[in-house]
Amino acid sequence: MIIGLTGSIASGKSTVSQMLKELGYPVVDADLVARQVVEPGTETLQSIEQAFGPEVIRADGSMDREKVGAIIFNDPASRKKLNDIIHPAIRREMLRQRQAFLAEGYETVIMDIPLLFESKLQHMVDKILVVSVSEQEQLKRLMERNGLTEQEAKARIASQLPMVVKEEGADEVLDNNGSVDDTKRQLKRILDNWLTHP
Ligand SMILES: CC(C)(COP(=O)(O)OP(=O)(O)OC[C@H]1O[C@@H](n2cnc3c(N)ncnc32)[C@H](O)[C@@H]1O)[C@@H](O)C(=O)NCCC(=O)NCCS
Ligand SMILES: Nc1ncnc2c1ncn2[C@@H]1O[C@H](COP(=O)(O)OP(=O)(O)OP(=O)(O)O)[C@@H](O)[C@H]1O
């Protein structure tokens, strides 16, 4: 079974993904893949430099993530430009990693994809698990984790589909407003249910 793990920014996907790894599941992590496909020397990074200018490349040849983030989270046209360049490469690499895990004999693979709904990737997975938090908790956690102002954090939240739309598209919603232990309990219950009654 291919399980799609998604949610909104700072809703707790990485926290849940870590729990899944500890339970022994293989995880394809879209945020990690997004870093791999723009490593220095890749064609994707060259295209980004052409589109956004040499100022988004650091002296060591890597992408300046802070600069690119400041541009794309505040401007939908730039976000689309970046997505059009980077998403095909991300999708190819995610499918390759998924195949590799299946070929190794894993029967369940987790695909942690923050933009699963925005990029209409529902077809890539059999079940969708949405990690959800209240708007208030999301804003607080995002500001704390990334050291962002309220305005910067709100711009990032607004660059994705509303939480409620993702919940509506989910097979199961995991409520991550409570403690990490509470989230782990919910996760185990959902997995037990899916894997015993697929
Ligand atoms: C803009 C970038 C450089 C900012 O890097 P940074 O290290 O600050 O953030 P990180 O990559 O860890 O992403 C954090 C979260 O931001 C959100 N996010 C990232 N990119 C996007 C996007 N294009 N649109 C909406 N939300 C996004 C996701 O929820 C993601 O989990 C980076 O996010 C990026 O390269 N984005 C484009 C690739 C992409 O769409 N990644 C999302 C997973 S497919
Ligand atoms: N149940 C919880 N209680 C308290 N803090 C939490 C809980 N779950 C996650 N956090 C914290 O909230 C922040 C966001 O969580 P996490 O990084 O897992 O979110 P994410 O959905 O992966 O974010 P992103 O979309 O940016 O990759 C982190 O600092 C994390 O430690």
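Everything numeric here is computed off the predicted structure, so don't read it as measured data. Atoms within each ligand, like the ligands themselves, are counted from 1 in listed order. The residues of the chain are indexed from 1 along the displayed sequence.
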Item to check | E107 atom CD, over 12 foreign heavy atoms within 6.0 Å | outcome: no

Any side-chain to backbone donor/acceptor pair from K13 onto S8? Under 3.5 Å, distance only.
yes

Min over A10, G178, S11 of heavy-atom distance to atom 24 (P) of ligand 2 lands on A10

- prompt: Ion pair present between E118 and K166, side-chain N to carboxylate O less than 4.0 angstrom?
  reply: yes

task = For atom NZ of K127, decide whether the heavy atoms of other residues, nucleotides or ligands shown that lie under 6.0 angstrom number more than 12.
result = yes

I9 heavy atoms within 4.0 Å reach ligand 2 at atoms 25 (O), 26 (O)

Does a side chain donor of either D181 or S179 reach within less than 3.5 Å of an acceptor in the other side chain?
-> no

(Q) Given 3.5 Å as the limit, does a donor-acceptor pair link the side chain of T6 with the main chain of I113, or not? (A) yes

query = After noting the C-alpha distance and the side-chain angles of Q97 and E93, does the key distance pass the side chain to side chain donor-acceptor pair (under 3.5 Å) rule?
reply = CA-CA 6 Å; Q97 291 187 10; E93 176 59 18; 2.9 Å; yes

Exercise for review: Please verify whether a non-hydrogen atom of S17 lies at under 4.0 Å from ligand 2.
Suggested key: no

Note: N177, heavy atoms under 4.0 Å from ligand 2, region reported as neither

With heavy atoms and a 4.0 Å threshold, my read on which part of K13 contacts ligand 2 is both

One finds that the ligand 2 atoms under 4.0 Å from a non-hydrogen atom of S8 are 21 (O)

Contact region, S179 to ligand 2, non-hydrogen atoms below 4.0 Å, reads backbone

Notebook entry, point to check: Between the side chains of D175 and S132, does any donor sit under 3.5 Å from an acceptor?
Noted result: no

of all protein heavy atoms, closest to atom 18 (O) of ligand 2 is T15 OG1, 2.6 Å

Check your understanding: Just wondering, are more than 12 heavy atoms of other shown residues or ligands nearer than 6.0 Å to CD in E22?
Key -> yes

Here the atoms of ligand 2 under 4.0 Å from any heavy atom belonging to D31 are 27 (O)

Of N176, D175, N146, the one whose closest heavy atom lies nearest atom 1 (N) of ligand 2 is N176

So for S14 against ligand 2, with non-hydrogen atoms under 4.0 Å, the contacting part is both

Residue, atom and distance of the protein heavy atom nearest atom 17 (O) of ligand 2 read R145 NH1, 2.8 Å

of all protein heavy atoms, closest to atom 11 (C) of ligand 2 is R141 CD, 4.1 Å

Notebook entry, point to check: Going by an N to O cut-off under 4.0 Å, is there a salt bridge joining R141 and E137?
Noted result: yes

Using a distance threshold of 4.0 Å (strictly less than), state whether atom 31 (O) of ligand 2 has a protein heavy-atom neighbour.
no

Sidechain N-carboxylate O distance under 4.0 Å for E150, K154
yes

| task | Give yes or no for whether the N/O distance cutoff of 3.5 Å, strictly under, is met between P114 and ligand 2. | result | no

Between the CG atom in N74 and the CZ atom in R156, the distance rounded to the nearest 0.5 Å is 8.5 Å

Atom 19 (O) of ligand 2 has as its nearest protein heavy atom G12 N, 3.1 Å

Original post:
Hey, is CD on Q122 packed in by over 12 heavy atoms from elsewhere, all under 6.0 Å?
Top reply: yes

Pocket residues around ligand 1 (non-hydrogen, under 4.0 Å) come out as I9, A30, D31, R35, M63, R65, V68, G69, I72, F73, R79, L82, N83, I86, H87, I90, P114, L115, R156, S159, Q160

Worksheet item: With a 4.0 Å cut-off, would you call D84 and K80 a salt bridge?
Response: yes

